[in-house]
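Only a predicted model underlies this, so the values are computations on that prediction, with no experimental measurement involved. Naming: A, B, ... by sequence-line order, numbering from 1 per chain.
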There are 2 protein chains.
Amino acid sequence: MTGQDGTSASPGEPGVTGDLFSPACPTRQLLDRIGDKWTSMLVKVLAEAHPEELGFAQLRRCAPGVSHKMLSQTLQSLRRDGLVTRRVEPAVPPRVYYALTDLGLSLDAPLAVVRTWAERHIATIERARIAFGKEHDRG
Amino acid sequence: MTGQDGTSASPGEPGVTGDLFSPACPTRQLLDRIGDKWTSMLVKVLAEAHPEELGFAQLRRCAPGVSHKMLSQTLQSLRRDGLVTRRVEPAVPPRVYYALTDLGLSLDAPLAVVRTWAERHIATIERARIAFGKEHDRG
DNA sequence: CCGGATCCAATTAGATACTG
DNA sequence: CAGTATCTAATTGGATCCGG
């Protein structure tokens with residue numbers, strides 16, 4: 001599973017590091033998790049609230065369009081990865097509170113960098129899309 | 001599309017900005033694109049090669065596991081968004097070369113920040129996963 | 001109120017085949 | 001070799017119900 005690429009890369013090939021790119025690579029898995037539709041949103045919301053905890057229903061309101069199921073599921077993934085904590089208020093009806101761990105909080109900055117890039121360049125990209133569309137219309 | 005959240009947020013609610021979170025928001029679309037399985041990988045590969053162009057087959061080798069179809073598709077998306085250029089060598093058999101635009105190149109830094117975070121914390125996260133699993137095993 | 005389970009619809013990705 | 005279309009298999013996400 002190491003250098004066995006078979007082709008042993010022609011001269012023009014850039015550094016095929018082989019670590020980030022193997023499908024089994026844990027970093028890849030992590031990037032998939034991060035790239036998940038709701039993960040970045042929840043991290044942002046929880047980071048802004050930090051160190052305040054947020055209830056399930058609150059989170060739901062903060063992420064318009066998220067279903068009951070997906071929220072539950074995403075939160076569990078985050079919990080599993082040690083990014084958020086979960087606290088159950090022992091009452092009737094029970095309320096459950098979520099917050100970022102230190103690790104989860106540390107993820108917000110990197111994601112913010114990407115968010116900023118997106119906000120900064122979205123206009124350019126939309127223009128590119130329109131231009132691309134026009135280019136495609138006229139055969 | 002501005003402040004109309006309906007619920008007018010109870011006091012404990014954090015800043016529901018309402019811009020990033022509406023499903024129709026272009027920044028959201030962009031984040032989805034960025035979070036795509038192959039986008040970040042291709043941007044990295046092309047950024048490392050920059051300003052050298054890479055051929056289709058080369059890209060394929062650099063992204064193990066990507067199918068012919070997905071690579072084609074992802075490259076077209078990137079092209080559509082003005083992140084990569086495409087140059088066709090008029091020969092038989094034809095070769096096609098891809099490279100990042102300035103915009104595409106500028107995306108590499110933000111993504112690198114996330115990659116770095118992932119590489120730096122993957123060990124901790126894997127430990128968390130194992131611990132979480134153990135926690136789950138014993139009822 | 002929270003969250004897991006089940007069922008079902010919708011989206012997505014791979015394999016194949018065909019065009020330039 | 002590069003790219004697209006088509007068909008099909010697998011995955012995902014939403015609605016609903018039930019249990020804690």
Give the rounded distance in Å between these two atoms: [atom1] of [X] and [atom2] of [N].
X: A/Met70; N: C/dG4; atom1: CE; atom2: P; value: 12 Å
X: A/Asp36; N: C/dT11; atom1: CG; atom2: P; value: 18 Å
X: A/Leu54; N: C/dC2; atom1: CG; atom2: C1'; value: 15 Å
X: A/Lys37; N: C/dA10; atom1: NZ; atom2: P; value: 15 Å
X: A/Gln76; N: C/dG3; atom1: CD; atom2: P; value: 9 Å
X: B/Glu53; N: D/dA2; atom1: CD; atom2: P; value: 13 Å
X: A/Leu75; N: C/dC1; atom1: CG; atom2: P; value: 17 Å
X: B/Leu71; N: D/dC1; atom1: CG; atom2: P; value: 14 Å

Worksheet item: Taking 4.0 angstrom as the limit, do A/Asp108 and A/Arg115 come out as a salt bridge?
Response: yes

Item to complete: On DNA chain D, check which nucleotide each of A/Pro94 and A/Val66 is closest to and give me the residue with the more 5' one.
Response: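 The 5'-side residue here is A/Val66.
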
Practice prompt. Check whether any side-chain N or O of B/Ser72 sits under 4.0 Å from OP1 or OP2 of D/dA2, and answer yes or no.
Written response: no

Practice prompt. Return no unless some side-chain N or O of B/Gln73 is found under 4.0 Å from OP1 or OP2 of C/dT12.
Written response: no

Discussion item. Base, sugar-phosphate or nothing for B/Arg60? Non-hydrogen atoms, less than 4.0 Å.
Written reply: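 Here B/Arg60 touches no strand at all.
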
Discussion item. Within the 4.0 Å heavy-atom criterion, would you say A/Tyr98 contacts the bases, only the backbone, or no part of the nucleic acid?
Written reply: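 Contact class for A/Tyr98: sugar-phosphate only.
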
Item to complete: Let me know, please, whether B/Ser67 or A/Val88 comes out on the 5' side of the other along DNA chain C by nearest nucleotide.
Response: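 By nearest-heavy-atom nucleotide position, the 5'-most residue is A/Val88.
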
Worksheet item: Under 4.5 Å between any side-chain heavy atoms of A/Phe56 and A/Leu75, yes or no?
Response: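 In short, these two side chains touch, coming nearer than 4.5 Å.
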
Worksheet entry | Side-chain donor-acceptor pair present, A/Gln29, B/Arg129, cut-off under 3.5 Å |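 Yes, a side-chain donor-acceptor pair sits under 3.5 Å.
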
Worksheet item: With the 4.5 Å side-chain cut-off for hydrophobic clustering, are B/Ile122 and A/Val43 part of the same group?
Response: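 Yes, B/Ile122 connects to A/Val43 through the hydrophobic network.
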
Practice prompt. Please tell me which of the listed nucleotides, C/dT6, C/dG3, C/dA15, lies nearest to the side chain of B/Lys69?
Written response: C/dA15

Item to complete: Report yes if a donor N or O on one partner sits less than 3.5 Å from an acceptor N or O on the other, where the partners are the side chain of B/His68 and the base of C/dG14; otherwise report no.
Response: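 No such pair is found, so the answer is no.
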
Worksheet item: What heavy-atom pair brings B/Val66 and B/Arg60 nearest, and what distance separates the two atoms?
Response: O-NE, 3.9 Å

